There are 2 protein chains.
Amino acid sequence: MAKIKDVAELAGVSVSTVSRVLCNGPVSDKVRKRVEAAMAKLDYRPNLAARRLRSQHTDTIGLIVSDIRNPFFTAVSRAVEDEAYRNGMRVILCNTDEDPEKEAMYLKLMREERVTGVILAPTRHSAAALDTESLGFPVVMIDRTPAQGDGDAVVLDNRRAAAQLVEHLLAAGYRDIGGLFGNTSSTGAERHAGFVAALDHAGLPAPARFVPPSVEAAEAAVSAWLAEPDRPRALLISNGIFMLGAVRAIKAAGLCLPHDLALAGFDNEVWTGLIDPGLTVIEQPVDEIGRSAMAMLLARLEDPARSHRHVVLQGKLVPRGSSAPLRQ
Amino acid sequence: MAKIKDVAELAGVSVSTVSRVLCNGPVSDKVRKRVEAAMAKLDYRPNLAARRLRSQHTDTIGLIVSDIRNPFFTAVSRAVEDEAYRNGMRVILCNTDEDPEKEAMYLKLMREERVTGVILAPTRHSAAALDTESLGFPVVMIDRTPAQGDGDAVVLDNRRAAAQLVEHLLAAGYRDIGGLFGNTSSTGAERHAGFVAALDHAGLPAPARFVPPSVEAAEAAVSAWLAEPDRPRALLISNGIFMLGAVRAIKAAGLCLPHDLALAGFDNEVWTGLIDPGLTVIEQPVDEIGRSAMAMLLARLEDPARSHRHVVLQGKLVPRGSSAPLRQ
DNA sequence: CTGAAAGCGCTTACAG
DNA sequence: CTGAAAGCGCTTACAG
């Protein structure tokens, strides 16, 4: 493939001059035209590896999530990529499957790529132990947040959102409310805290179960729970993946929403509005989360010394039939 | 960040030797240990940009799809990425939104990255005009296939799959069957061909409509169609995105599946099994499509001269309530 | 098994 | 505005 030297020879100029037209440096119009003609003729495309090596900036960001197939991360990723390309950056996408080892491996890879920065949904392990400062590049966390609470992050107000769902269920007349939460992420822990706080405030017990992050685990847990004699009258489900398992379990048990069981949860996935009688959910501002994370990263690059901050976004309650008011 | 020279100095060897332990070249055990100790001490990580520039292989593949949020592409992407990382390659993901200009831009970017190869779901434009040979890197097409039919590709047997759905509907007693297809991809055209062929074979008309690839367009088209006096008794819907629009239109029209209208379509998305009475679909082997595409790319790199081939995978009919037998 | 030298394709001071 | 030279951090022949 043609290189800068070929272009220079064809145009009768030095490589420096070709480089200048590439980077919009000061070049006379006449020369610029000639160089551009040569580039077109040779179908020249600059070699990004060479440029990155020499210029010492890669214009690359890493995006590390648990699984791109989780619709929440799908949507966030798309928003991040759009923003990145708009800013002349490219993104390297990695799936950890909540596995700290994979996460550590990808973090190493990010160093080898000399990425400009990373947007990370940390596993529980790294949220607790990761030293954001020593990585050599800035990190913006999304969805999950480190235990210590420092570092840059864009998160949902999980406590508030969970409390909001509980209050909604209480207002609809439900009292016996159970909660299902993930046992690997800070998100699950925070939503659990909001759940407990809201029920506490109402003087009610807050029975909760914790499961690993899979549809199957959620389905099994809900099935088992629903088979117990003192099963709850309403269920709060901590994310969209679990919601799927819960709906399957409810169908399998032959229960009718909301007549036999009320249901409310997280993530306004397309199907939650489609299945009867509609699922009450907290909608997360997925596009805004992606855009904000990218904006924070750019701001951090601009000013490495600025103080860390957490952007906490509010979810939006989307009430549907699955939590319709209880009729005695 | 530490570079190879720092490691060499600390270990008291030449940079060549450090490079050799990096690439598992021939090095004495004693020296290797010393170098590894120096690397660990300096927390050394090789610079991939430098390695790529010098070695002339990037171990990078491009993955260009229309939209990662389309669950079909989400699943395929994840499979491609897993295979890629397993083979020591990384992937650059791009979304074209079916826009030929974006596609052309990303294809240029791929050249600048000097990618090893590309997996591409071509827009209708490029499927017609793209010269796979002149790009400078091998391309494996997925989902869509170029008009001329040459090049490497992994596709579904779309004609057969659509015919299978029609035959299923016919066997269930439906006669008045309409079809909704995408107007931008070869996939839509092929499914339409299978639809027409199967109905032709039964001596029946094959009313079809074509829409741009969006939920909204599908919803509007189905709404309009259902409002007509001679609306079909059954609908074949050409993909998972359109299916969503169709279900919304059907709900809005207050029609009951399959009593008022039978429905069958493509893509076994999670929600198709969840909404009542269950949607009959053709399930695509998404993981296999991703893995096969990656395998074809690797085989092509291995042997650039081997003849082009199309891998044609069969879909699997998943019959559900939406196409239950018609009772007179 | 080890080292010295060249060079991948750019950008970046430094002169003019 | 333009060019000659150095160098980014590696790998790759080439000697020994």
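For clarity, every value in this text was computed on a predicted model and none was experimentally measured. Numbered from 1 within each chain, the chains take letters A, B, ... in sequence-line order.
Summary of the strand contacts: B:Leu53 and B:Thr17 both lie near DNA chain C, and taking for each the nucleotide with the nearest heavy atom, the more 5' one is attributed to B:Thr17.
No salt bridge links B:Asp29 with B:Lys33; every basic N to acidic carboxylate O contact stays at or beyond 4.0 Å. Contact check on A:Glu113 versus B:Arg52 returns a salt bridge, with a Lys/Arg side-chain nitrogen under 4.0 Å from an Asp/Glu carboxylate oxygen. Salt-bridge check for B:Asp43 with A:Arg111: passed, with a basic side-chain N closer than 4.0 Å to an acidic carboxylate O. The pair B:Arg78-B:Glu83 does not meet the salt-bridge criterion, since no charged nitrogen lies less than 4.0 angstrom from a carboxylate oxygen.
When each of D:dG3, D:dG9, D:dT2 is scored by its nearest atom to the side-chain atoms of A:Ser14, the top-ranked nucleotide is D:dG3.
Under the 3.5 Å distance criterion, with hydrogens and angles disregarded, a donor-acceptor pair is assigned to the side chains of A:Arg90 and A:Thr60. Side chain to side chain, A:Thr17 and A:Ser14 meet the donor-acceptor criterion of an N or O pair below 3.5 Å.
With rounding to whole Å, B:Asp6 atom CG is found 11 Å from D:dG9 atom C1'. In this structure, A:Leu48 atom CG and D:dC8 atom P are separated by 20 Å, rounded to whole Å. Distance, A:Arg52 CZ to D:dG7 P: 24 Å, rounded to whole Å. Atom P of nucleotide C:dC1 and atom NZ of B:Lys33 are separated by 14 Å, given to the nearest angstrom. The interatomic distance linking B:Asp29 (CG) with C:dC1 (P) rounds to 9 Å, in whole Å. Atom-to-atom, CZ of B:Arg45 to C1' of D:dC10 comes out at 15 Å; the value is rounded to the nearest Å. At whole-Å resolution of the value, CD in A:Glu9 and P in D:dG3 are 13 Å apart. Rounded to an integer number of Å, the gap from CE of B:Met39 to P of D:dG9 is 15 Å.
Nearest approach of A:Asn95 to A:Lys102, heavy atoms of both residues: O-CD, 3.8 Å.
The phosphate of D:dG9 has OP1 or OP2 within less than 4.0 Å of a side-chain N or O from A:Gln56.
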Check your understanding: Can you give one letter per nucleotide of nucleotides 11-16 of chain C, going 5' to 3': B for a protein heavy atom under 4.0 Å from the base, S for sugar-phosphate only, - for none?
Key -> BBB---
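Both distances falling under 3.5 Å, in either a Watson-Crick or a G-U wobble arrangement, place C:dT2 opposite D:dA15.
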